[in-house]
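First listed ligand is number 1; within each ligand, the first listed atom is number 1. Any value given below was found using the heavy atoms of this structure, including those in side chains, with hydrogens, waters and symmetry copies removed. We're numbering straight along the sequence, starting at 1.
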Amino acid sequence: RKGKIRQAMRLLGKMAPEERPTFGKAVNETSDAVSGAMENRRAELASERLGAALVDDLFDPTLPGKRENRGTVHPLTLLDWRLDEIFRSMGFYILDYPEVDSDFFNFEALNIPADHPARDMQDTFWLDDGHLLRTHTSAGQVRAMKNFEPPFRAIFPGRVFRYEATDASHEHTFHQVEGLYIDREVSVANLIASMKTLLSEIFGREVLVRLRPGYFPFVEPGFELDIGCLVCNGGGCPVCKKSGWVELLPCGLIHPNVIKAGGLDPEEWQGWAFGLGLSRLVMMRYQIEDIRLLLGGDIRFLEQFQGTGLE
Ligand code: PHE
């Protein structure tokens, strides 16, 4: 602001009116010439710097840039989001229960006392303080009954843990989605109808279901539910081992002892529950042959899943 051009501009005010145009024009031209020269010099300096960088052997401007790494959503999460959406639209709560839980919620409350042989069905990681890593999402059943006023319906997806040797179809950590429905006068017919509706929603088409007896201490009666093979539509193919049916999930009517453990009167309240193997469903959905790929953390595997599944 103290520069010569500014000073000259200030003089303008004190001049006689007839002198102003010529003087003003001269000052403006000078000003333009000076800024133009500065601009040119700046550009020259910049290109000199670039030139110097270009002859530096450590800088190769022809190398391609680094592509930014974009994360992808894990297939377990993709399917879990999809299920959450379906169940939420059908009035289910989506609940989240602890992975570290007590003997009580994981076993006792589910009609599996300490000396019960059914404990051998699920080899357990025990913690030093007597807690355990939940072996199934069923550990949330009695928690949910204590948390909510019946009637209610809920799913609780999550990680579960089993102390077992791993191979292509066994992993020490895997994912399940528990379904729980508590109401008055719940029957097997009701269970079948609910499962049919849910599975048709999940698979986006009409699904045939079939029940076989299955044993779990916390359901009575208990079932293994099969669905008509979606690959061959029941005609028989390698996926269903030519039977036309694929084993999908265990389920059943909740045992009265479990209803009682949840603080409810089994004369008044009944329910059904299912335990969907989310890891297995993901494997079926994306034709993944080894369960260990799911939590193995191999980027090349994970990168194959794009999008959010919610489009
Ligand atoms: N919790 C059982 C398991 O993981 C599955 C199950 C859930 C069975 C609900 C019946 C009802 O093996």
> Does Glu206 pair with Lys196 as a salt bridge, N-O distance under 4.0 Å?
Replying inline: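 Result for this pair is yes, salt bridge flagged.
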>> Can you confirm whether or not the ring centre of Phe216 sits under 6.0 Å from the ring centre of His136?
In response: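 No - the distance between ring centres of Phe216 and His136 does not fall below the 6.0 Å cut-off.
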> Any chain of hydrophobic side-chain contacts (each under 4.5 Å) joining Leu225 to Leu208?
Replying inline: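 No, no single cluster joins them.
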> Is Val100 reachable from Phe125 through a run of I, L, V, M, F, W or Y residues, each pair having side-chain heavy atoms under 4.5 Å apart?
Replying inline: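 Same cluster: Phe125 reaches Val100 through Ile, Leu, Val, Met, Phe, Trp or Tyr contacts under 4.5 Å.
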Write 'none' if nothing qualifies; otherwise put on separate lines each N/O atom of ligand 1 with a protein N/O atom under 3.5 Å away and their distance to 0.1 Å.
from     : atom 1 : to     : atom 2 : distance (Å)
ligand 1 : 1 (N)  : His136 : ND1    : 2.9
ligand 1 : 1 (N)  : Ser138 : OG     : 2.8
ligand 1 : 4 (O)  : Arg162 : NH2    : 3.1
ligand 1 : 4 (O)  : Gln176 : NE2    : 2.9
ligand 1 : 12 (O) : Gln122 : NE2    : 3.4

> Distance only, no hydrogens: is a donor on one side chain within 3.5 Å (strictly under) of an acceptor on the other, for Tyr97 and Asn147?
Replying inline: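 Yes, a side-chain donor-acceptor pair sits under 3.5 Å.
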>> Just by distance, no angles: are the side chains of Thr72 and Glu303 close enough, under 3.5 Å, to form a donor-acceptor pair?
In response: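 No - no donor-acceptor pair under 3.5 Å links their side chains.
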